[in-house]
Amino acid sequence: MKHYCLFLVIILFNSCQYFEKQVPSEKELLQKELKSINWKEVDEFPSVADCEKIDNKIQRQQCFFEVLTQLIQEKLSVDTLSVLYPELDTIEVKVTIFPNATMKFEPQFPKDSVAYDRIKIDSILKSRLVDFPKVNPAIKRGIPVKTQFILPVILKVE
């Protein structure tokens, strides 16, 4: 009986370690969570007040791009850009929306293009593309984030 009790006590002390669970470290949990996040996509795209009432994510994004493109086209249609460069019918504009809701516009040209005065076109864009309605920045995990995209803007509508 003594051997049996001794054997039982030894098993009891050894079995306690089976109930002990390994707690992952804070760094391991952080790394695992960071790897699970898709940094190439946002939870909510940037938006303007006109598009806020749309519930569908894809339709809201499409609405935002259409409104922004239309506003850019309206602001550039009254300019000398089409007079200075009559062969230029479409320009690609890189739009950057910062977390504080400010916007930056940069014209995108082909790498081998020397037909356009980049500095002049850039200054025209910067002077014309002001006073936009308030844009809500993109949201990733509840935090406003910077987003960039390229919009093709048609300058000549025939």
Side-chain angles (χ1 to χ4, degrees), residues 7-77 81 88-155:
F7 181 70
L8 207 62
V9 169
I10 291 173
I11 290 177
L12 183 66
F13 282 120
N14 284 336
S15 67
C16 289
Q17 67 184 347
Y18 294 116
F19 296 116
E20 215 176 274
K21 295 202 178 203
Q22 292 292 329
V23 179
S25 74
E26 194 175 307
K27 287 183 180 179
E28 289 175 8
L29 287 173
L30 177 63
Q31 290 303 320
K32 186 176 179 183
E33 185 67 20
L34 287 175
K35 286 179 183 175
S36 70
I37 298 172
N38 182 357
W39 294 104
K40 300 291 182 189
E41 293 182 12
V42 293
D43 298 336
E44 288 182 36
F45 284 93
S47 184
V48 290
D50 295 343
C51 301
E52 288 292 322
K53 57 187 172 246
I54 300 173
D55 291 332
N56 187 322
K57 183 178 177 179
I58 296 170
Q59 289 177 345
R60 183 185 289 188
Q61 176 189 3
Q62 189 66 31
C63 173
F64 172 73
F65 287 145
E66 288 172 2
V67 167
L68 195 59
T69 303
Q70 182 182 0
L71 286 170
I72 292 172
Q73 286 173 341
E74 287 173 6
K75 290 181 181 284
L76 293 179
S77 67
L81 202 56
L88 189 63
D89 63 344
T90 303
I91 188 169
E92 289 186 341
V93 179
K94 181 181 186 182
V95 180
T96 305
I97 301 175
F98 295 97
N100 63 358
T102 58
M103 295 176 25
K104 178 181 175 185
F105 301 95
E106 301 172 62
Q108 299 294 297
F109 300 102
K111 298 263 188 232
D112 59 349
S113 174
V114 292
Y116 311 115
D117 184 358
R118 294 172 186 241
I119 296 171
K120 188 178 282 188
I121 292 176
D122 192 41
S123 68
I124 291 171
L125 284 178
K126 285 185 178 165
S127 67
R128 289 292 182 189
L129 299 180
V130 292
D131 299 329
F132 275 87
K134 184 179 183 307
V135 174
N136 300 320
I139 304 291
K140 180 70 175 179
R141 305 196 116 209
I143 300 171
V145 292
K146 174 179 142 180
T147 50
Q148 289 183 325
F149 46 88
I150 296 178
L151 287 177
V153 179
I154 300 170
L155 299 175

Colleague: Measuring from atom CD of Glu106 to atom CD1 of Ile150, what distance do you get when rounded to the nearest 0.5 angstrom?
Modeller: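 If I round to the nearest 0.5 Å, the distance is 9.5 Å.
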Colleague: Quick check: closest heavy atoms across Val42 and Lys140, and the distance to 0.1 Å?
Modeller: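 Looking at all heavy atoms of both residues, the closest pair is CA-CD, 4.0 Å.
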Colleague: To the nearest 0.5 angstrom, please state how far the CD1 atom of Ile97 sits from the NZ atom of Lys104.
Modeller: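 If I round to the nearest 0.5 Å, the distance is 13.5 Å.
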Colleague: Distance-only, no hydrogens or angles: does the Lys57 side chain make a donor-acceptor pair with backbone N or O of Glu44 under 3.5 Å?
Modeller: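 Judged by distance alone, no pair lies under 3.5 Å.
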Colleague: Any side-chain heavy atom of Gln62 sitting closer than 4.5 Å to one from Ile54?
Modeller: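 Side-chain contact under 4.5 Å: no.
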Colleague: Search all heavy atoms of Val135 against all heavy atoms of Ala101 and return the closest pair with its distance.
Modeller: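 For Val135 versus Ala101, the nearest heavy atoms are O-CB, 3.2 Å.
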Colleague: Counting C-beta onward and ignoring hydrogens, is there a side-chain heavy-atom pair between Pro133 and Leu71 closer than 4.5 Å?
Modeller: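 They are in side-chain contact.
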Colleague: Which pair of non-hydrogen atoms, one from Phe98 and one from Pro137, has the smallest distance, and what is that distance?
Modeller: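 The pair with the smallest heavy-atom distance is O-CB, 3.6 Å.
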Colleague: What's the spacing between Leu30 CG and Lys35 NZ if we round to 0.5 Å?
Modeller: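 Here the rounded value is 11.0 Å.
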Colleague: Does a donor on one side chain sit under 3.5 Å from an acceptor on the other, for Gln70 and Glu66?
Modeller: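 Note: Gln70 and Glu66 side chains miss the donor-acceptor criterion.
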Colleague: Please round to the nearest 0.5 Å and tell me the distance separating atom CG of Asn100 and atom NZ of Lys146.
Modeller: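 Going from CG on Asn100 over to NZ on Lys146, the span is 11.5 Å.
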Colleague: Examine distances only and state if a side-chain atom of Thr69 and a backbone atom of Phe65 form a donor-acceptor pair shorter than 3.5 Å.
Modeller: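 Here the side-chain-to-backbone pair exists.
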Colleague: What distance separates Leu151 CG from Gln73 CD, expressed to the nearest 0.5 Å?
Modeller: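 Between atom CG of Leu151 and atom CD of Gln73 there are 9.5 Å.
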Colleague: Calculate, to the nearest 0.5 Å, the distance between atoms CZ and SG belonging to Arg60 and Cys51 respectively.
Modeller: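 Answer rounded to 0.5 Å: 8.5 Å.
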Colleague: Just so I know, are the side chains of Phe45 and Phe149 near enough to count as touching, which here means a heavy-atom distance under 4.5 Å?
Modeller: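 The answer is no, as the side chains (C-beta and beyond) never meet within the 4.5 Å cut-off.
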Colleague: Side-chain contact test, heavy atoms from C-beta onward, threshold under 4.5 Å: evaluate it for Val48 versus Phe132 and give yes or no.
Modeller: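 Val48 vs Phe132: side chains apart.
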